[in-house]
Protein chains: 2
Amino acid sequence: MHTVGPRERHRRQTREEILDAALAVISELGAGALNMSEVARRVGLRQPSLYQYFDSRLALYDALFERGMAQHLDRVRAAADTNAPGLPTLRAIVCATIAFTIEQPALTQLLFRPAVPGFEPSEQAYRPSLEVQHLIDAAIAAAIERRELHPAAGSQQGTGLLVALTAGISSLQLGNDQFARPGAGRFLPLVQPAVDMFAAYFAPEKPAAWKP
Amino acid sequence: MHTVGPRERHRRQTREEILDAALAVISELGAGALNMSEVARRVGLRQPSLYQYFDSRLALYDALFERGMAQHLDRVRAAADTNAPGLPTLRAIVCATIAFTIEQPALTQLLFRPAVPGFEPSEQAYRPSLEVQHLIDAAIAAAIERRELHPAAGSQQGTGLLVALTAGISSLQLGNDQFARPGAGRFLPLVQPAVDMFAAYFAPEKPAAWKP
DNA sequence: GTCTATAGGATGATAGAC
DNA sequence: GTCTATCATCCTATAGAC
């Protein structure tokens with residue numbers, strides 16, 4: 001990090017405002033419906049001026065993706081930092097992720113589902129999510145270390161089950177799932193039972209439950 | 001059902017061919033990228049001619065949605081019919097659903113995720129999925145009746161957990177999920193442990209596991 | 001029912017004045 | 001850096017001949 005002049009400062013602020021407007025647009029119209037004119041209108045610029053800040057529409061998507069992933073990482077990191085290592089942290093991470101997807105359904109479409117034809121996140125934009133992955137693995141490892149979970153929970157299938165539960169609950173929240181009961185509005189209550197179920201299945205004392 | 005003349009017969013066949021072409025298009029370009037010109041080209045017609053069979057692009061989406069839901073229902077029904085009632089049927093339904101989403105990832109986007117801006121399925125197109133919902137509920141009820149599951153498995157949270165597991169595994173398969181480990185190509189093996197985990201958590205003999 | 005032709009509109013992106 | 005003007009495409013949908 002090195003100091004930046006007021007020029008660069010203002011430029012970055014404008015970039016943020018554009019990203020905010022872009023987020024608002026996809027929140028209202030869906031992740032795949034981002035268009036430059038609407039973003040420009042909201043930020044008080046003309047559409048061609050946006051190209052001073054982003055090279056293309058897909059570049060805007062990429063910046064939106066990177067910022068979203070970084071925000072998610074912040075949430076997960078905060079959850080990991082303010083909870084006891086092991087199972088409490090794991091529970092908090094799942095909870096933070098579900099909460100994030102509930103607060104930002106449109107962003108969730110962009111980050112976690114292939115909903116935008118033609119868009120592939122760059123390696124840089126994808127980077128924060130690798131850190132999230134690491135935090136999850138570390139939490140599971142800590143839980144195993146503390147004998148809160150069976151070592152099998154650290155296997156690919158073990159982490160896969162936990163991740164599937166997280167993604168699944170988030171998926172129900174998006175509401176378009178055929179299985180979702182009409183009127184079953186709130187899925188956050190599923191988080192606690194989900195982690196309980198996972199922890200019970202990978203209980204350390206009875207290794208009989210898990211079959212590979 | 002009443003008999004149809006050869007006219008109507010040929011018309012329906014052309015409709016099916018158009019739907020096949022449309023499915024191929026979204027399979028290659030993504031669920032949101034359906035366009036009439038490309039579909040027409042593949043089916044050997046000019047783009048305006050499609051409007052003899054579908055009133056609009058969204059109507060084509062709707063027909064695609066309805067046929068896809070009906071196909072999914074067929075798979076689920078077959079799973080329910082060829083397995084013992086209760087837990088075996090439940091397991092087969094989950095497995096059939098995951099297999100379906102693996103075979104048809106693009107169709108899965110359309111059916112189970114809000115990936116197409118502006119498209120809302122009609123009530124008629126949505127109808128087959130209500131039947132799927134009913135088959136799942138019935139399988140859980142049968143499993144409870146046969147004392148394979150605790151009655152709590154039939155609660156909203158219980159079915160929610162099972163559905164979340166199914167949707168989550170399918171979500172991992174789509175591959176865009178941040179949590180998915182690179183190289184973990186096959187998620188079908190997660191089905192067995194997932195249902196095991198669910199069944200263990202809602203085991204009938206020990207009602208202590210589930211807390212509301 | 002299928003075609004040609006085209007209306008009519010939206011969009012991404014660029015050129016060049018200021 | 002922001003603007004006006006505009007290009008170049010692409011798209012859905014309709015009109016009307018055959």
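Letters go in sequence order (proteins before strands), and every chain restarts at 1. Please read these numbers as outputs of a predicted model, since none were measured by experiment.
- Of the possible donor and acceptor atoms, one in the side chain of A:T82 sits under 3.5 Å from a partner among the backbone N and O of A:A78.
- The distance from atom OH of B:Y51 to atom C1' of C:dT6 is 14 Å, rounded to the nearest whole Å.
- Nearest-nucleotide positions on DNA chain C place B:T14 closer to the 5' end than the other of B:Q47 and B:T14.
- Without hydrogens or angle criteria, A:D62 side chain to A:P121 main chain gives no donor-acceptor distance under 3.5 Å.
- Whole-Å rounding puts the A:N35 CG to C:dA10 P distance at 11 Å.
- When heavy atoms are screened at a 4.0 angstrom cut-off, A:L34 is found touching the sugar-phosphate backbone but no base atom.
- C:dA13 atom C1' lies 14 Å from atom CG of A:L60, rounded to whole Å.
- Taking the six-membered ring where the residue is Trp, A:F65 and A:Y126 present parallel rings, their angle staying beneath 30° rather than reaching 60°.
- Salt bridge status for B:R91 with B:D196: present, with a side-chain N to carboxylate O gap under 4.0 Å.
- When heavy atoms are screened at a 4.0 angstrom cut-off, B:R7 is found touching no nucleic acid atom at all.
- For the pair B:S37 and A:Y53, both in contact range of DNA chain D, the more 5′-proximal nearest nucleotide belongs to A:Y53.
- Nucleotides of DNA chain D lying under 4.0 Å from heavy atoms of chain A occupy a range whose first and last members, 5' to 3', are D:dG1 to D:dA5.
- Side-chain atoms of B:T101 do not come within 3.5 Å of backbone N or O of B:S170 as any donor-acceptor pair.
- Atoms CZ (A:R57) and P (C:dT11) sit 10 Å apart, rounded to a whole Å.
- The closest side-chain donor-acceptor pair between A:T97 and A:H72 falls under 3.5 angstrom.
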